[in-house]
Amino acid sequence: MSASYNEVQLDALRELANIGAGTASTALSEMLGRSIDLAVPDVFVLPMADAIDQLGPAEQDITGIMLGVEGELPGTVLMLLTPENAEKICVMLGLPPDSELAPSALGEIGNVVGTSYLNALAGMTGIAVEPTPPTTVTDMLGAIVESILAVRAMSSDRTLLLDSSLIVEGEDCSIVFLLVPDHGGAEELLERIGLA
């Protein structure tokens, strides 16, 4: 089955992503004690291979923080940042980047930011969602994204990405923030806001 959305539906999904990312940026700002800028979110409906290309070179080393989403909108929240930016975040938290605590600190960032995003979506749509504990991994971008999309989009030949960027002001440090609903998840969102 091919996912297909009209411009009104895509604009609505983009606006949901914008509000969710705005709430997530506030949570990140409070954790880091820094101002966070928010780029205008994008919404993509793409074949899996193109979805990976959209995010960057597949062989690029990347740190990913992943939360599963359970409930009425099953899917994955994924935060992607370069290893250099992961180190910057650790330093902002007062941790040496090579500390044993660094991965769990990044996971906690993902937990707070991702949960804030999901709570904002739930508040707007009435959808009941529950995040799973975060997982932090550093690997090639293609390997990280493909492992998620292969599961999440397995019943569709296309996948939906709600793509936002959170930028730490004055630090040249950004986090790509993605919501990847399971197949059918976007339809559930659109139905809740009367645009299915």
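Reckoned from all heavy atoms, side chains included, excluding hydrogens, waters and symmetry mates. These figures come from a predicted structure and were not determined experimentally. If you read the sequence from its start, that first residue is 1, and numbering goes on from there.
For the side-chain contact (heavy atoms from CB on, under 4.5 Å) criterion with Met79, the lone passing option out of Thr136, Ile175, Leu106, Leu28 is Ile175.
Here the CD-OG1 distance, from Glu191 to Thr125, works out to 11.5 Å after rounding to the nearest 0.5 Å. In this structure, the separation between CG on Asp139 and OG1 on Thr63 is 10.0 Å, given to the nearest 0.5 Å. Taken to the nearest 0.5 Å, the CD1 atom of Ile89 stands 6.0 Å off from the CD1 atom of Ile109. Atom CG of Leu73 and atom CG of Leu179 lie 6.0 Å apart (nearest 0.5 Å). Atom CD1 of residue Ile36 and atom CE of residue Met31 lie 11.0 Å apart, to the nearest 0.5 angstrom. Atoms OG and CG, on Ser164 and Leu178 in that order, are 8.0 Å from each other to the nearest 0.5 Å.
Taking both residues in full, the closest heavy atoms of Tyr117 and Ala24 are given as CB-CB, 4.1 Å, listed atom of the first, atom of the second, then distance. Leu78 and Gly64 make their closest contact through CD1-CA, 4.4 Å (heavy atoms, listed as atom of the first residue, atom of the second, distance). Listed here is the closest heavy atom pair of Ile127 and Ala122: O-CB, 3.1 Å. Heavy-atom minimum distance, Leu190 versus Ala12: CD2-CB, 4.4 Å. Here the shortest heavy-atom pairing between Pro131 and Thr115 reads CG-OG1, 3.6 Å.
Environment of CD in Glu130: sparse, with no more than 12 heavy atoms of neighbouring residues, nucleotides or ligands closer than 6.0 Å. No more than 12 heavy atoms of other residues, nucleotides or ligands lie within 6.0 Å of CG in Asp172, so this atom counts as exposed by the packing criterion.
Every side-chain hydrogen bond (donor to acceptor under 3.5 Å, both in side chains) that Asp11 has, sequence neighbours left out, goes to Arg14.
The closest donor-acceptor contact from the side chain of Ser147 to the backbone of Ile144 lies under 3.5 Å. Remark: the backbone N or O of Ala27 is not paired with any side-chain donor or acceptor of Glu30 at under 3.5 angstrom.
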In sequence, state the C-alpha distance, the side-chain angles, and the governing distance for Leu118 and Val77, and then conclude on side-chain contact (heavy atoms from CB on, under 4.5 Å).
CA-CA 9 Å; Leu118 292 171; Val77 169; 4.0 Å; yes
Lys88/Glu84 under salt bridge (Lys or Arg N to Asp or Glu O under 4.0 Å): CA gap, chis, key distance, verdict:
CA-CA 6 Å; Lys88 289 179 182 177; Glu84 293 77 15; over 6 Å; no
Kindly determine whether Arg34 and Glu171 satisfy salt bridge (Lys or Arg N to Asp or Glu O under 4.0 Å), including the steps that lead there.
CA-CA 9 Å; Arg34 310 288 179 107; Glu171 293 288 347; 2.3 Å; yes
Derivation and outcome, side-chain contact (heavy atoms from CB on, under 4.5 Å), residues Leu141 and Glu59:
CA-CA 6 Å; Leu141 173 65; Glu59 66 279 5; over 6 Å; no
side-chain contact (heavy atoms from CB on, under 4.5 Å), that's the test. Do Leu16 and Leu162 meet it? Break it down for me.
CA-CA 9 Å; Leu16 288 174; Leu162 303 180; 5.8 Å; no
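Hydrophobic clustering (ILVMFWY, side-chain heavy atoms < 4.5 Å, transitive): Val112 and Ile167 are in distinct clusters. Linking Ile, Leu, Val, Met, Phe, Trp and Tyr residues whenever their side-chain heavy atoms come within less than 4.5 Å leaves Met140 and Ile65 in two separate clusters. Linking Ile, Leu, Val, Met, Phe, Trp and Tyr whenever their side-chain heavy atoms come within less than 4.5 Å leaves Val91 and Leu32 in two separate clusters.
Using a 4.5 Å heavy-atom threshold, the side chains of Leu166 and Leu38 count as touching. Taking the side chain as every heavy atom from C-beta outward, Ile62 and Thr138 never approach each other to under 4.5 Å. Side-chain atoms of Tyr5 and Glu187, non-hydrogen and from C-beta on, do get closer than 4.5 Å to each other. Inter-residue side-chain proximity for Gln60 and Leu55 is flagged as unmet; no heavy-atom pair is nearer than 4.5 Å. Between Leu189 and Ile193, every side-chain heavy-atom pair lies at or beyond the 4.5 Å cut-off. Contact check for Arg192 versus Glu72: side-chain heavy atoms found under the 4.5 Å cut-off. Residues Val8 and Leu195 have side chains in contact (heavy-atom distance under 4.5 Å, counting atoms from C-beta outward). For the pair Val45 and Leu10, the minimum side-chain heavy-atom distance is below 4.5 Å.
Residue Leu101 is found in a hydrophobic cluster whose other members, listed by chain and number, are Leu95; membership requires side-chain heavy atoms under 4.5 Å apart, directly or through intermediates.
With hydrogens and angles left out, the side-chain atoms of Ser116 and Thr23 include no donor and acceptor closer than 3.5 Å.
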